[in-house]
Amino acid sequence: MLPFVSPTSAALPTGGDDLLPLKGRLHKYLVDVLENERTPVETWSRSTLRRYVEQVTRDYVERDHIPLNQKEIDRLIDELIDELIGFGPIQPLVDDDTVSDILVNGANRVYVERRGKLEETGIRFMDDRHVLRIIQRIIAPLGRRLDESSPMVDARLPDGSRVNAIIPPLAIDGPCLSIRKFRKEPLTAGDLLAYRSLNEEMLEYLRDAVMGRKSILVSGGTGAGKTTLLNVLSRFIPHDERLVTIEDAAELSLDHPHVVRLETRPPSQEGRGEVTARDLLRNALRMRPDRIILGEVRGSEVMEMLQAMNTGHAGSMATIHANTPRDALSRLELLAGFAGFGGREESLREWIASAIDLVVQVSRMSDGKRKVVQIEEVKGYVDGKILLQEVFRYDPKEKRFVRNPVASMSRSAAEARERSGSYAL
Ligand SMILES: Nc1ncnc2c1ncn2[C@@H]1O[C@H](COP(=O)(O)OP(=O)(O)OP(=O)(O)O)[C@@H](O)[C@H]1O
Ligand SMILES: [Mg+2]
């Protein structure tokens, strides 16, 4: 049975000549009618809904002699359907494959990121309530709620895209929505070369490191391309090894025959049932992994990660939020301290130095391009210091990648140089 209400069963809104207010009025009218329907509109087929919206819109446009041509009416119908079951005014951005991020700052500012560049779109919501309604629509099917008592939410859409929403009073200028779209086809090593995010020599070096079971930390700021690089590196892992991945939101796409993917779980609305990255890491260690790929190390799981890297799971990898390789190691120290590491500072540093082999720093440059800006080897631990040696770096003035000419020197020579202070932590 068609869940059908005659459009004439509720008073039709009165006309106007501008499309935005017209859409607003029609939408309000449609919502009023549809809310009284026994079957929720989300369960209607798209064609039923389209027929219904089409009929209401045509009646309305004809009755009030609104001068719209066929194309405008079709657009209006599409937009009304997006309002009713889609993402409202940002639906075209969701459908646009060149858009990687959608950022809504209140009703009147909608930005997108395309090819690394932020652009304002000119798209407007009717008002903040409209933004809020669309946010609620997006998160409701995910079983998440957003209101004054829980005014922020971080969730993942069924297609893997990441959604964050934060509303007043925390967001002072209106409800904000950020969507990081999931790429159906993840960037490959070839793409990174084509984008000049690194050069062939660096890629070869990194591939050898992964195949040689070096434990790697990919470090960088927000949106710098950490997860993307981790994904590219993980794809170099030989196919006869068993991998376990641990992420807050499964973003990695490894194309590997033997991978177990684990995802953390936030606490329920009553605050129960949380499963942390640390819980999953502990469990993963009992699953006989050859390597563990940790989406991001940012809490107490640092302890199990270091332990894994030091005890038979060399070649494990993770990302970390830090601005330089040195900061990345300091941050590991800090996280281990917070996690209750009981030993001396020196033993912690030594432990970190023996766990991590390589730190790869990625950065989003001022022109929006992502680059591997440093690759540093952890050379060891001497006199209370972790020794780092730069192998590659990006020179922003010369706009090229540079290999450190002394990087191939022997370990003892490297250590002597480190001890001279130029690279010491
Ligand atoms: N080398 C690159 N060239 C072009 N675009 C890239 C590159 N690396 C990543 N991107 C794009 O940049 C965006 C952010 O990438 P990614 O998710 O890897 O960053 P991140 O550092 O892990 O972010 P977060 O801090 O949110 O975890 C994505 O849209 C991704 O497709
Ligand atoms: Mg990431």
Side-chain angles (χ1 to χ4, degrees), residues 93-94 96-103 111-119 152-157 159-166 176-200 202-203 206-207 216-236 245-254 261 263-264 277 293-299 301 305 317-325 327-328 331 359-375 392 394 396 399 401:
L93 306 176
V94 173
D96 181 345
D97 282 341
T98 67
V99 169
S100 56
D101 286 81
I102 304 169
L103 309 164
Y111 294 88
V112 290
E113 183 179 317
R114 274 198 179 92
R115 293 175 208 92
K117 277 280 187 207
L118 272 187
E119 308 165 2
M152 47 188 177
V153 72
D154 202 41
R156 198 162 61 93
L157 297 178
D159 75 351
S161 299
R162 262 172 29 186
V163 175
N164 179 278
I166 182 161
C176 294
L177 171 68
S178 315
I179 302 177
R180 157 81 45 84
K181 281 166 66 181
F182 185 74
R183 293 180 74 99
K184 282 168 220 98
E185 296 295 326
L187 291 177
T188 62
D191 293 327
L192 297 200
L193 281 179
Y195 296 160
R196 297 178 191 278
S197 296
L198 77 183
N199 65 19
E200 273 182 41
M202 293 158 84
L203 189 63
L206 289 173
R207 194 190 53 217
I216 300 176
L217 206 52
V218 177
S219 159
T222 306
K226 302 182 293 296
T227 305
T228 302
L229 184 64
L230 183 67
N231 200 57
V232 166
L233 296 182
S234 303
R235 287 180 161 216
F236 293 139
T245 67
I246 295 171
E247 297 174 90
D248 287 326
E251 292 180 276
L252 295 171
S253 156
L254 298 189
R261 305 193 310 148
E263 200 177 273
T264 60
I293 314 293
L294 179 60
E296 183 181 343
V297 50
R298 58 181 169 77
E301 68 279 0
M305 183 194 84
M317 296 189 251
T319 76
I320 192 165
H321 215 109
N323 289 331
T324 64
D327 281 355
R331 191 158 148 76
V359 187
V360 184
Q361 185 71 35
V362 292
S363 178
R364 185 169 174 274
M365 316 304 283
S366 50
D367 62 0
K369 299 221 165 69
R370 271 92 177 175
K371 293 219 183 276
V372 174
V373 290
Q374 273 164 307
I375 300 180
F392 292 95
Y394 178 69
K399 289 195 186 307
F401 297 101

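Numbering of ligands and ligand atoms starts at 1, following listing order. Side chains included, hydrogens not; waters and symmetry mates left out as well; all remaining heavy atoms used. These figures come from a predicted structure and were not determined experimentally.
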Given 3.5 Å as the limit, does a donor-acceptor pair link the side chain of [X] with the main chain of [Y], or not?
{"X": "Glu263", "Y": "Ala250", "value": "yes"}
{"X": "Ser219", "Y": "Ala322", "value": "yes"}
{"X": "Arg370", "Y": "Gly223", "value": "yes"}

Quick one: nearest non-hydrogen protein atom to [atom], plus distance?
{"atom": "atom 19 (O) of ligand 1", "value": "Gly225 N, 3.1 Å"}
{"atom": "atom 7 (C) of ligand 1", "value": "Leu187 CD1, 3.6 Å"}
{"atom": "atom 15 (O) of ligand 1", "value": "Thr228 OG1, 3.6 Å"}
{"atom": "atom 1 (N) of ligand 1", "value": "Ser197 OG, 2.7 Å"}
{"atom": "atom 26 (O) of ligand 1", "value": "Arg162 NH2, 2.9 Å"}
{"atom": "atom 22 (O) of ligand 1", "value": "Thr227 OG1, 2.7 Å"}

task: Please find out if the Mg ion (ligand 2) and some N, O or S atom of Thr227 are separated by less than 2.8 Å.
output: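 Coordinating: yes.
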
Going by heavy atoms, is [X] under 4.0 Å from ligand 1?
{"X": "Gly295", "result": "no"}
{"X": "Lys369", "result": "no"}
{"X": "Lys371", "result": "no"}
{"X": "Gly223", "result": "yes"}

query: How about Asn231 and Ser234: does a side-chain donor come under 3.5 Å of a side-chain acceptor?
result: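 Absent: no donor and acceptor within the cut-off.
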
N/O of [X] under 3.5 Å from N/O of ligand 1, yes or no?
{"X": "Leu192", "value": "no"}
{"X": "Glu113", "value": "no"}
{"X": "Glu296", "value": "no"}

CA sep, side-chain torsions, deciding dist, call: Ser161, Lys181, side chain to side chain contact (heavy atoms under 4.5 Å, CB included): CA-CA 5 Å; Ser161 299; Lys181 281 166 66 181; 4.2 Å; yes

query: Relative to the heavy atoms of Thr222, which atoms of ligand 1 are at a distance of less than 4.0 Å?
result: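 Close to Thr222: 25 (O).
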
- request: Under 4.0 Å from a heavy atom of Arg183: give me the atoms of ligand 1 that qualify, with their elements.
  value: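 It comes down to these atoms of ligand 1: 31 (O).
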
field: Stepwise side chain to side chain contact (heavy atoms under 4.5 Å, CB included) check, Asp101 with Val112
entry: CA-CA 5 Å; Asp101 286 81; Val112 290; over 6 Å; no

message: Pair Asn164, Ser178 - check side-chain hydrogen bond (donor to acceptor under 3.5 Å, both in side chains), show working.
response: CA-CA 5 Å; Asn164 179 278; Ser178 315; 4.8 Å; no

message: Please determine whether a side-chain nitrogen of the Lys or Arg among Arg298 and Asp248 lies less than 4.0 Å from a carboxylate oxygen of the Asp or Glu.
response: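 Salt bridge between Arg298 and Asp248, a charged N being under 4.0 Å from a carboxylate O: yes.
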
